[in-house]
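The structure appears below as structure tokens.
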Amino acid sequence: MHLTTSDQEAMNLGFGHYTCNWGTHICGFYETERERDEILMGFLHLGDVEGDLRLFCSVERTVDGFATDCERAYPACVGQRLRQALSDVLHR
């Protein structure tokens with residue numbers, strides 16, 4: 001399903017077969033941590049696969065805890081690179 005949000009090019013959100021247009025801020029509603037992770041990690045994973053810069057800001061997790069959870073969900077795409085990128089962003 002496509003959510004028209006601007007005149008920009010369409011992008012795949014990485015979850016639920018949704019697309020929207022570039023330049024969009026996203027707010028996800030979820031009931032469980034599993035639903036949250038499906039939305040969040042699918043979005044970040046697809047960005048990594050496609051070479052996109054995507055951002056997630058959280059106060060719920062540590063960098064290592066988040067990276068570990070991502071590694072479990074997408075082991076072929078994550079790892080030390082994610083941990084380093086998250087650490088770089090948090091320490092700027």
Side-chain angles (χ1 to χ4, degrees):
M1 176 178 175
H2 180 73
L3 308 170
T4 302
T5 54
S6 74
D7 292 335
Q8 300 271 351
E9 181 180 332
M11 67 177 279
N12 187 336
L13 292 175
F15 60 89
H17 304 288
Y18 288 101
T19 61
C20 72
N21 302 93
W22 279 97
T24 301
H25 290 88
I26 298 171
C27 176
F29 294 98
Y30 54 88
E31 292 183 9
T32 66
E33 288 182 3
R34 184 176 179 167
E35 285 180 322
R36 175 201 60 204
D37 289 350
E38 181 181 328
I39 293 167
L40 174 63
M41 292 179 192
F43 176 73
L44 294 175
H45 169 73
L46 191 64
D48 186 50
V49 167
E50 295 184 350
D52 297 333
L53 178 61
R54 297 183 179 186
L55 174 68
F56 163 65
C57 301
S58 173
V59 296
E60 298 174 331
R61 295 177 170 168
T62 65
V63 170
D64 284 335
F66 181 72
T68 299
D69 290 344
C70 286
E71 286 171 340
R72 277 190 214 119
Y74 297 98
C77 193
V78 184
Q80 185 60 33
R81 187 172 43 130
L82 173 64
R83 234 183 216 93
Q84 186 59 51
L86 290 168
S87 181
D88 290 349
V89 169
L90 291 173
H91 294 103
R92 284 188 184 178

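These numbers were taken from a predicted model, which means no experiment stands behind them. Any value given below was found using the heavy atoms of this structure, including those in side chains, with hydrogens, waters and symmetry copies removed.
Within a 6.0 Å radius of CD in Glu33, no more than 12 heavy atoms belonging to other residues, nucleotides or ligands are found. The neighbour count for Tyr18 OH, taken as heavy atoms of other residues, nucleotides or ligands under 6.0 Å away, does not exceed 12.
In the hydrophobic clustering of this structure, Met1 does not group with Phe29; members are Ile, Leu, Val, Met, Phe, Trp, Tyr whose side-chain heavy atoms approach within less than 4.5 Å, directly or through other members. Hydrophobic clustering (ILVMFWY, side-chain heavy atoms < 4.5 Å, transitive): Leu44 and Trp22 are in one cluster.
Put simply, the side chain of Met11 reaches to within 4.5 Å of the side chain of Phe43, judged on heavy atoms.
The CZ atom of Arg34 sits 12.0 Å away from atom CE of Met41, with the distance rounded to the nearest 0.5 Å. Here the straight-line distance linking atom CG of Asn21 with atom CG of Asp7 works out to 7.5 Å at 0.5 Å rounding. Distance check: Phe15 CZ to Asp37 CG gives 13.0 Å after rounding to the nearest 0.5 Å. Of the inter-residue distances, the one linking Glu35 atom CD with Tyr30 atom OH reads 10.0 Å to the nearest 0.5 angstrom.
Across Ala10 and His2, no two heavy atoms sit closer than the pair CB-CE1, 3.9 Å.
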